[in-house]
Protein chains: 2
Amino acid sequence: MPKKAAADAPLLLGNQLCFAVYSTAHAFNRVYKPLLDRLGLTYPQYLVMLVLWERDSLSVKEIGERLFLDSGTLTPLLKRLESAHLVKRTRSAEDERQVLVGLTTQGAGLREKARTIVPPAILAATGCSVAELTALQKNLVALRESLNSAAGEG
Amino acid sequence: MPKKAAADAPLLLGNQLCFAVYSTAHAFNRVYKPLLDRLGLTYPQYLVMLVLWERDSLSVKEIGERLFLDSGTLTPLLKRLESAHLVKRTRSAEDERQVLVGLTTQGAGLREKARTIVPPAILAATGCSVAELTALQKNLVALRESLNSAAGEG
DNA sequence: GACAATTATATTGCACACAATTTAATTGCG
DNA sequence: CGCAATTAAATTGTGTGCAATATAATTGTC
């Protein structure tokens, strides 16, 4: 029944787009992995370092808000970064519920090495122009906002 | 040094795009989860079922090629689908290295339920027009191809 | 036709990701 | 003030992902 299949096609677009996003995320990871191996980081660890390089000394919650991750993911990840001597974790004096995460000298120093290794290789691997990347990124952020608000209303 | 920062901006686009993809994938997952819970599936399990609903009886390798997943991921996933009585796994008679994965009656029957529950909700949650979704999906697939070929040459 | 190389799964180990629960600290309300 | 409600991390359990390795079957080659 081709008529029914045709009527379903637009409905299936959401599925196809999600798979495109999901599989592109994996493809990105495959490009990042050999680069990040040279820094001794995984991709989520690299994201945390990017956040801290931008603004040092944040609570676990603040890191989580920026990366859309919760303490169940961040706590063990931060412990690994701590045992790699890249960050230190200290209870806040003002609010002892909070754990403040700060860069060590070594963690701050990794920034320059990361800057030379990662962004140029990633940009090249996308095979896209700056204009294309900008447009795609903007569309994805808008999509993410829609999805997050839809999920929030549940 | 604003000059240096400005020079870095285009380089950082790759990073920003990757994070947009990565965080959009998570956002999609948050939308899918309550829907797929009603089917008793995770998102990767749903992907496998979509593949099998499209073409029944595929080897693990063939499923992996369609979804960009390897046996390390698929073997335990398929075992879970098997213990949920949605698929059956049988060694191929012609080539005993291969395991053929086929739908059970129950697995085939789940298709209709999935069709009514998932695609309409996903399409609505994206908040995008069909034209926007089509364009975005096409751009992502092109990006994925670039990334995969870059990773392959690595 | 034996045997090395290749191929298809399976297994192991590590690192996310998130739901659900727990613990401890802080806030808010009467 | 005192206690309930809230909040921040940590913990537990399940399910991916993937690298590396293991195992078994098939293919290619001499």
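Just so we're clear, the structure is a prediction, and the values are computed from it rather than from any experiment.
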### Query
When you measure from every atom of DNA chain D, which of residues 45-61 of chain B have a heavy atom less than 4.0 Å away?
Gln45(B)
Show each protein N/O and nucleotides 18-24 of chain D N/O combination with a separation under 3.5 Å, one pair to a line.
{"residue": "dC18(D)", "atom": "OP1", "partner": "Arg30(A)", "partner atom": "NH1", "Å": "3.4"}

#### Entry: Check: Tyr22(B) ring centroid to Phe68(A) ring centroid under 6.0 Å
no
### Query
Of all residues at least two apart in sequence or in a different chain, which pass the side-chain hydrogen bond (donor to acceptor under 3.5 Å, both in side chains) check with Glu82(B)?
Arg89(B)
### Task
Taking side-chain hydrogen bond (donor to acceptor under 3.5 Å, both in side chains) as the test, write out the residues that go with Tyr32(B), two or more places apart.
Asn15(A)
### Task
Mind listing the residues from residues 75-96 of chain A sitting with a heavy atom below 4.0 Å of DNA chain C? Number order is fine.
Leu77(A), Arg80(A), Glu94(A), Asp95(A), Glu96(A)
### Message
Applying salt bridge (Lys or Arg N to Asp or Glu O under 4.0 Å) to Glu62(B) and Arg66(B), what does each step give before you reach the verdict?
### Response
CA-CA 6 Å; Glu62(B) 289 169 320; Arg66(B) 284 165 169 74; 5.4 Å; no
### Task
Ignoring backbone atoms, establish whether Tyr22(A) has a side-chain N or O less than 4.0 Å from OP1 or OP2 of dG17(D).
yes
Rounded to the nearest angstrom, tell me the gap between atom [atom1] in [X] and atom [atom2] in [N].
{"X": "Gln98(B)", "N": "dA25(D)", "atom1": "CD", "atom2": "P", "value": "14 Å"}
{"X": "Ile63(B)", "N": "dA10(C)", "atom1": "CD1", "atom2": "P", "value": "11 Å"}
{"X": "Leu67(A)", "N": "dC16(C)", "atom1": "CG", "atom2": "C1'", "value": "13 Å"}

#### Entry: Under 3.5 Å donor-acceptor, Thr116(A) side chain and Lys113(A) backbone
yes
### Query
Just wondering, do Leu133(B) and Gln137(B) contact through their side chains at under 4.5 Å, heavy atoms?
no
### Query
Considering residues at least two apart in sequence or located in another chain, which fulfil the ring-ring contact (aromatic ring centres under 6.0 Å, His included) criterion with Phe28(B)?
none
